[in-house]
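Computed from a predicted structure; not experimentally measured. Values below: every heavy atom of this structure, side chains too, minus hydrogens, waters and symmetry copies.
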Amino acid sequence: MNTLLKLLFGAIFIFSAIYIISIETERYESVSLALLKDLSKSQEMEIGSLLLGQSSGTMQDSKILELYIRSNEMYDFLDNEYNLSTYYVSEELDFLNRLYEDTSIPFYLASKENLVKRYNEDLQVLYDQPSGTLSLSFAHKDKHKAKKILESIISRSDEIVNMIAKKNAEVALDFTKKQIKENKALFITSIKNLIAYQNQHHTIDPNLDVERKSLILANLESDLVKNQVEYDSKAKYTNLNSIEMKLLKEMERNIKKSIEDIKRQLAGRSKTSELLNSNVFEFELLKSEMEFNKEVYRQSLINQEQLKIEVSQNAKRLAIVSRPTLADGYTYPNKPWDIFTVMIVLFFLYSVVIVVITIIKDHQD
């Protein structure tokens, strides 16, 4: 029994080795390195987001691009250019690696799902987070085709990245245009409200009334000092009961009264001052609202111009760090490693079978 098992597993190993060495299709791999750059954002913003533990926009775009490269849409694009569907069912591939149009084995059926799976088996897309680069490779029986297909993948990916960015910018631009109309209407309304208030209260700015009263107060205090100096100097040689001295004294009292009235108004101890303070408060609210709406409107205009630039130019670019290579020799299969793997697997299976048989014999005894 053991001899038969050894012969069986030996035959399987020999057939597997012959298949790997002589029959399995040799595929040549073209390799390239690319970097997705977002030209609309500064490098400092990207570094800052990484330091804060957040996923940068470039990282997300790279992951989305990886999904697109593996998608049915990319396969259809390459199929139109290089007839991949014909290649995967052709005799260019060995009998275990090719697909069949009339087989009853689901795994080998040349369905769209299996075709895309085989395409993804020949394709490798790896994103390196520290460097932010995408490592791309594609394997094909023809090394020149492998290089051309990889070049097409990179070229198409660059177009798609820019197309997505432009579409996003166009959507944002349409939304910004609506915002501009709304913000402009609010800005114009706030201006009209401010003008209506000025017309209603017959003032350009209530703050100017305060400044004017302060200036009048300063002039009155200056006149009071002059009047007192004149009265004191004349009191030395002029009769205090004279008309001139009485006029100076009366002027002093009037000036003092005017000063007190203005001070009460400025200090808020009269109905006039309360009205003035209320006017200033209402005016400042309307003015602040107008300034705020003006700034919002101005910012929306700036955003519109930035989005117009993004729509008109290529904001994102898939920069090639290293161009697709032309393989000197085949990459797959790795014949020594595959033979060694088959040997280990068969040895493990042989050991399991021997153990099972031994256990069965022990139970029978």
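The nearest pair of heavy atoms linking Ala110 to Leu115 is O-CD1, 4.1 Å. Closest non-hydrogen pair, Ser157 versus Ile69, comes out as OG-CG1, 3.4 Å.
When only modelled atom types and interatomic distance are considered, Ser152 and Tyr82 share a side-chain donor-acceptor pair under 3.5 Å. Looking at Ser190 and Asn193, their side chains never bring a donor and an acceptor atom within 3.5 Å of each other. Counted by atom type alone, Thr176 and Asn303 present zero donor-acceptor pairs between their side chains at under 3.5 Å. At a cut-off of 3.5 Å, with distance as the only test, no side-chain donor of Ser135 or Tyr127 sits close to an acceptor on the other residue. A donor atom on one side chain and an acceptor atom on the other are not found under 3.5 Å apart for Ser300 and Gln179. When only modelled atom types and interatomic distance are considered, Thr25 and Asp94 share a side-chain donor-acceptor pair under 3.5 Å.
Ring geometry for Tyr19 versus Phe15: interplanar angle under 30°, hence parallel rather than tilted (30 to 60°). Taking the six-membered ring where the residue is Trp, Tyr330 and Tyr28 present perpendicular rings, their angle passing 60° and hence far from 30°. Using a 30° and 60° split on the angle between ring planes, Tyr119 and Phe138 fall in the tilted class, from 30° to 60°. Classification of the Tyr297-Phe187 ring pair by plane angle, with boundaries at 30° and 60°, yields parallel.
Taking NZ of Lys294 as the start and CG of Leu186 as the end, the distance is 16.0 Å to the nearest 0.5 Å.
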Could you walk me through whether Leu109 and Leu99 pass the side-chain contact (heavy atoms from CB on, under 4.5 Å) check? CA-CA 6 Å; Leu109 182 64; Leu99 297 174; over 6 Å; no
Do His140 and Ile149 pass the side-chain contact (heavy atoms from CB on, under 4.5 Å) test, and can you show the C-alpha distance, the side-chain angles, and the key distance before you say yes or no? CA-CA 9 Å; His140 195 278; Ile149 289 172; 4.0 Å; yes
Is there a side-chain contact (heavy atoms from CB on, under 4.5 Å) between Val342 and Ile20 once you walk through the steps? CA-CA 10 Å; Val342 169; Ile20 292 170; 4.0 Å; yes
Passes side-chain hydrogen bond (donor to acceptor under 3.5 Å, both in side chains), Glu29 versus Tyr332? Steps please. CA-CA 8 Å; Glu29 187 177 55; Tyr332 306 103; 3.0 Å; yes
Using the side-chain contact (heavy atoms from CB on, under 4.5 Å) rule, take Val31 and Leu136 through it: C-alpha gap first, then chi angles, then the decisive distance, then the call. CA-CA 6 Å; Val31 181; Leu136 304 167; over 6 Å; no
For Asp122 and Tyr88, run side-chain hydrogen bond (donor to acceptor under 3.5 Å, both in side chains): C-alpha distance rounded to whole Å, both residues' side-chain angles, the deciding distance at 0.1 Å, then the answer. CA-CA 11 Å; Asp122 290 334; Tyr88 285 122; 2.8 Å; yes
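The closest side-chain heavy-atom distance from Asp142 to Lys147 is not below 4.5 Å.
Side-chain atoms of Asn97 do not come within 3.5 Å of backbone N or O of Leu93 as any donor-acceptor pair. Between the side chain of Asn83 and the main chain of Thr86, no donor-acceptor pair closer than 3.5 Å is present. For Thr103 (side chain) and Ile105 (main-chain N/O), a donor-acceptor pair under 3.5 Å exists by modelled atom type. The backbone N or O of Leu318 sits less than 3.5 Å from a side-chain atom of Asp158, completing a donor-acceptor pair.
Under the side chain to side chain donor-acceptor pair (under 3.5 Å) rule, Glu26 has a single partner from Lys141, Lys335, Lys143, which is Lys335.
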